[in-house]
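Model, not experiment: these values are computed from the prediction. Within every chain, numbering begins at 1; the chains are lettered A, B, ... in the order of the sequence lines, protein sequences first and strands thereafter.
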Amino acid sequence: MIIATWNVNSIRVRLPQVLDWLAQHKPDILCLQETKVIDSDFPQADFAAFGYQAALNGQKTYNGVAILSRTAASALQTELPMLDTEQRRLLAATINGTRVVNVYVPNGESVESDKYQFKLKWLRALRSYLAQELATHRQLVLLGDFNIAPEPRDVYDPKTWEGHVLFSEPERAALRGLAETGLVDVFRAFPQPDASYTWWDYRQGGFRRNHGLRIDHILVSAPLAAYCRRCIIDKEPRGLERPSDHAPVVATFD
DNA sequence: ATGGCTTGAGTGTCAAGA
């Protein structure tokens, strides 16, 4: 089984790249973030032609998440309990007996911003939702764009980034809090190249200079982690014409 | 140095991303 996550920064713009990528990698499940379309505008027919069905939680212009899968997705959840927001950032589904929780965590803008407080609040709500889900699902994967780099080695210039949004201690503590519910960052379960990142700024040649951050993650419950054989960041699409600023992360299970 | 790209909205130029 192959499960992947990719912040595509507009499914309209990235559709040809996503279809190519599906044909190349044939994942069982691909979770998307920042689709930026309402559900009726999501190109479902294009994915159906490639053998994928789509579960959707979209909105106009901003946010929007989707789960593409070869087999049916059931028990869809689109809201975080205890959090009242119009922002479409979560989609959970059960696929082949695995609970898949796809998230697009708020960016936070800056540590001084109200949006930063909302980010922390969103993460608290996610943690309590996750505890609930883990009580009923042994095989669970929480994946997506977390907008948090866990450790200095996940940041190209950790001294400059320390304390800034995406790499501040409260955010990192919140990310550890999610893991403490019993999840494993499967990327770090395997040897990885130094300076492995999933996001590079469009400006100032960020990708060319490998000025990036590792902020997209695949966190897996222990029973499922036991079956994980591989986890990689696929940098290839980031080098294409008109790329998303994020790269896909791909986990393979026996 | 608050800029540097990209997208979506809407047809001006700005918000939002990270």
Classify the nucleic acid contact of [X] as base, sugar-phosphate or nothing, counting any heavy atom under 4.0 Å across all strands shown.
X	answer
A:F167	nothing
A:D216	nothing
A:R238	nothing

Taking [atom1] from [X] and [atom2] from [N], how many angstroms apart are they, rounded to a whole number?
X	N	atom1	atom2	value
A:N63	B:dA15	CG	C1'	13 Å
A:K119	B:dG17	NZ	C1'	11 Å
A:R209	B:dG4	CZ	C1'	10 Å
A:Q59	B:dA16	CD	C1'	12 Å
A:E34	B:dA15	CD	P	18 Å
A:L213	B:dG17	CG	C1'	13 Å
A:R203	B:dG3	CZ	P	9 Å
A:W199	B:dT6	CH2	C1'	12 Å

One thing to verify: whether A:E162 and A:R172 come together as a salt bridge, which I'm taking to mean a side-chain N less than 4.0 angstrom from a carboxylate O. yes

Should A:E79 and A:R88 count as an ion pair when the cut-off is N to O under 4.0 Å? yes

B:dA18 phosphate, OP1 or OP2, under 4.0 Å from A:H164 side-chain N/O: no

Between A:Y202 and B:dA16, is there a contact of a side-chain N or O with OP1 or OP2 at under 4.0 Å? no

By nearest-heavy-atom nucleotide on DNA chain B, the more 5' of A:K115 and A:Q204 is A:Q204

With nearest nucleotides of DNA chain B determined for A:R14 and A:Q87 from heavy-atom distances, which residue corresponds to the more 5′ nucleotide? A:R14

Only pairs under 3.5 Å count here: list side-chain donor-acceptor contacts from residues 223-231 of chain A, not counting sequence neighbours, and write none if there are none.
unit_1: A:R229; atom_1: NE; unit_2: A:D254; atom_2: OD2; d: 2.5
unit_1: A:R229; atom_1: NH1; unit_2: A:A226; atom_2: O; d: 3.4
unit_1: A:R229; atom_1: NH2; unit_2: A:D254; atom_2: OD2; d: 3.1

Could you work out, with salt bridge (Lys or Arg N to Asp or Glu O under 4.0 Å) as the rule, every residue matching A:R176, not counting sequence neighbours? A:E169

Parallel, tilted or perpendicular: which one describes the rings of A:H246 and A:W199, with boundaries at 30° and 60°? tilted

Modelled atom types, side-chain donor and acceptor of A:T78 and A:N57, under 3.5 Å: no

Please state the P separation for the pair B:dG12 and B:dT2 - nearest whole angstrom. 29 Å

Using the P atoms only, state how far B:dT11 lies from B:dA1, rounded to an integer number of Å. 37 Å

Letter by letter from the 5' end, nucleotides 8-14 of chain B scores (B base, S sugar-phosphate only, - none; protein heavy atoms under 4.0 Å) SS-----

Under the side chain to side chain contact (heavy atoms under 4.5 Å, CB included) criterion, do A:N107 and A:K115 qualify, and how do the steps go? CA-CA 8 Å; A:N107 167 288; A:K115 293 178 185 174; over 6 Å; no

